[in-house]
Amino acid sequence: MTRAATPSFRAAPSFRATHWHEAIAECQERNEGYVLVTVVGTAGSTPREPGSKMVVTASHSIDTIGGGHLEFDAIARARAYLAKGEVCTELHSYPLSSSLGQCCGGAVKVLFDVCNIHQQHIAIFGAGHIAKALVPILAQMPVRISWIDNREDVFPSSLPANVQKVVEEAPESEVRHLDEGSWLIILTHDHQLDYRITEQALKQPSLPFVGLIGSDTKAKRFITKLTQRGFDDHAIERLFTPIGNRDIPGKRPIEVAVSISAQIIERLHANHAAAASENDADTNTDACTGEHTKPPAKVL
């Protein structure tokens, strides 16, 4: 296997940024969620002054609000907010006493701003002609892409910032490592490999969209084989094959890529609308803490 020598989406790439404002720009470029952590108030002796900032992602922290246990706790708290998957703003007070393992004697108020987190993860299997036409289109959307193939030499020499190359001898083994809610687009050069990836994906109920390229005949054969192997209607409902918007004709790589992009964009907008509707129905719940809050009083 080539995995030991090749970065994967599970081995997060390092940040070029060294300052918080550079890190925000890099997170936006990558479509990666982050928390901006800001010291907004101090009293007594403190390690940093108001206005000090740092950026925290799921795997990195950039810049500093003073180090020590204060910063360790702030990083852990920021990552807990990221894990909730909701944009929110939260203010937390830290007494710099023995309870925090610090003896400065002062106090710090820290603001946590959770940003840029509604980024759909898409795993694209196969790096052939269609994938090479598709990836530059989808990379312009608010998504994160893992591009997976077992042939390192077929990938372009440069990739968009929100696309991560994964070279794996057995691409189907990557399915079990995908984030919950990931979408799959299966475009490999090998029908048997397509089937193995599809079968692994349908074993994971947390993967709601399994898109498979191919003809109607290929789709029927796959569905028949999956049914014979015990996959029920609920599992097969998550298989979208042939993938793409049927209203867009053509068999050229770019035409197929546009067709697939149209279907993905429709799903992105549908998810956004559903999330907005859910937020409207839950406006009295704090997104960071999950606690119920009172609605604002009416002004008469």
Side-chain angles (χ1 to χ4, degrees), residues 7-41 47-94 108-123 135 138-147 159-166 177-183 268 271-272 275-276 278-279 282 285-291:
S8 79
F9 56 83
R10 286 180 287 150
S14 61
F15 271 74
R16 303 183 303 272
T18 56
H19 299 293
W20 65 268
H21 52 89
E22 299 168 336
I24 289 176
E26 197 165 338
C27 286
Q28 295 289 352
E29 184 181 53
R30 293 182 182 191
N31 281 331
E32 183 170 350
Y34 65 94
V35 182
L36 178 62
V37 181
T38 306
V39 176
V40 294
R48 290 295 302 274
E49 65 281 357
S52 300
K53 301 177 188 292
M54 68 184 297
V55 167
V56 178
T57 72
S59 56
H60 294 84
S61 62
I62 301 94
D63 224 322
T64 180
I65 60 167
H69 290 284
L70 165 65
E71 189 163 300
F72 291 151
D73 188 272
I75 291 171
R77 188 176 295 272
R79 288 181 176 152
Y81 291 150
L82 280 174
K84 288 180 180 291
E86 296 289 342
V87 173
C88 69
T89 301
E90 183 76 7
L91 184 65
H92 188 75
S93 297
Y94 288 96
V108 175
K109 287 187 181 294
V110 177
L111 186 68
F112 296 83
D113 285 314
V114 184
C115 307
N116 205 38
I117 60 166
H118 294 298
Q119 309 304 322
Q120 178 64 47
H121 178 239
I122 300 176
V135 167
L138 291 184
Q140 299 176 66
M141 301 301 296
V143 299
R144 294 181 297 111
I145 297 173
S146 298
W147 195 1
L159 297 174
N162 58 335
V163 177
Q164 190 159 11
K165 176 180 73 175
V166 179
H177 302 297
L178 297 178
D179 296 338
E180 182 176 328
S182 294
W183 298 351
L268 288 170
N271 278 13
H272 179 75
E278 184 177 334
N279 287 340
D282 199 27
T285 301
D286 186 285
C288 281
T289 64
E291 295 178 355

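What you see is a predicted model; the values in this text were computed from it and never measured.
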To the closest 0.5 Å, what do you measure between [atom1] ([X]) and [atom2] ([Y])?
X      : Y      : atom1 : atom2 : result
Ser182 : His177 : OG    : NE2   : 12.5 Å
Arg79  : Thr57  : CZ    : OG1   : 6.0 Å
Glu90  : Leu111 : CD    : CG    : 9.0 Å
Gln120 : Asp179 : CD    : CG    : 9.5 Å

What are the two closest heavy atoms between [X] and [Y], and how far apart are they?
X      : Y      : value
Ile65  : Ala74  : CD1-CB, 3.9 Å
Leu70  : Pro47  : CD2-CG, 4.0 Å
Thr64  : Gly67  : OG1-N, 3.4 Å
Val55  : Trp20  : CG2-O, 3.5 Å
Leu138 : Ile122 : CD1-CD1, 4.4 Å
Val35  : Ala78  : CG2-O, 3.5 Å

Would you confirm whether [X], through its side chain, and [Y], through its main-chain N or O, come within 3.5 Å as a donor-acceptor pair?
X      : Y      : answer
Glu71  : Gly66  : yes
Gln119 : Glu32  : no
Asn31  : Met141 : yes

Derivation and outcome, side chain to side chain contact (heavy atoms under 4.5 Å, CB included), residues Glu26 and Tyr34: CA-CA 10 Å; Glu26 197 165 338; Tyr34 65 94; over 6 Å; no
Min side-chain heavy-atom separation Tyr81-Val37 under 4.5 Å: no
Taking only residues two or more places apart in sequence, or in another chain, which ones meet [X] in a side chain to side chain donor-acceptor pair (under 3.5 Å)?
X      : value
Asn162 : none
Glu29  : Arg16
His92  : Arg77

Parallel, tilted or perpendicular: ring planes of His69 versus Phe72, cut at 30 and 60 degrees: perpendicular
Phe112 and Tyr94 aromatic ring geometry - parallel, tilted or perpendicular at 30°/60° bounds: tilted
Results of side-chain contact (heavy atoms from CB on, under 4.5 Å) for Leu159 - residues two or more places apart only: Trp147, Pro156, Val163, Lys165
Pairs flagged by salt bridge (Lys or Arg N to Asp or Glu O under 4.0 Å) wherever residues 47-68 is involved - sequence neighbours left out: none
Test salt bridge (Lys or Arg N to Asp or Glu O under 4.0 Å) applied to Glu22 - qualifying residues, sequence neighbours left out: none
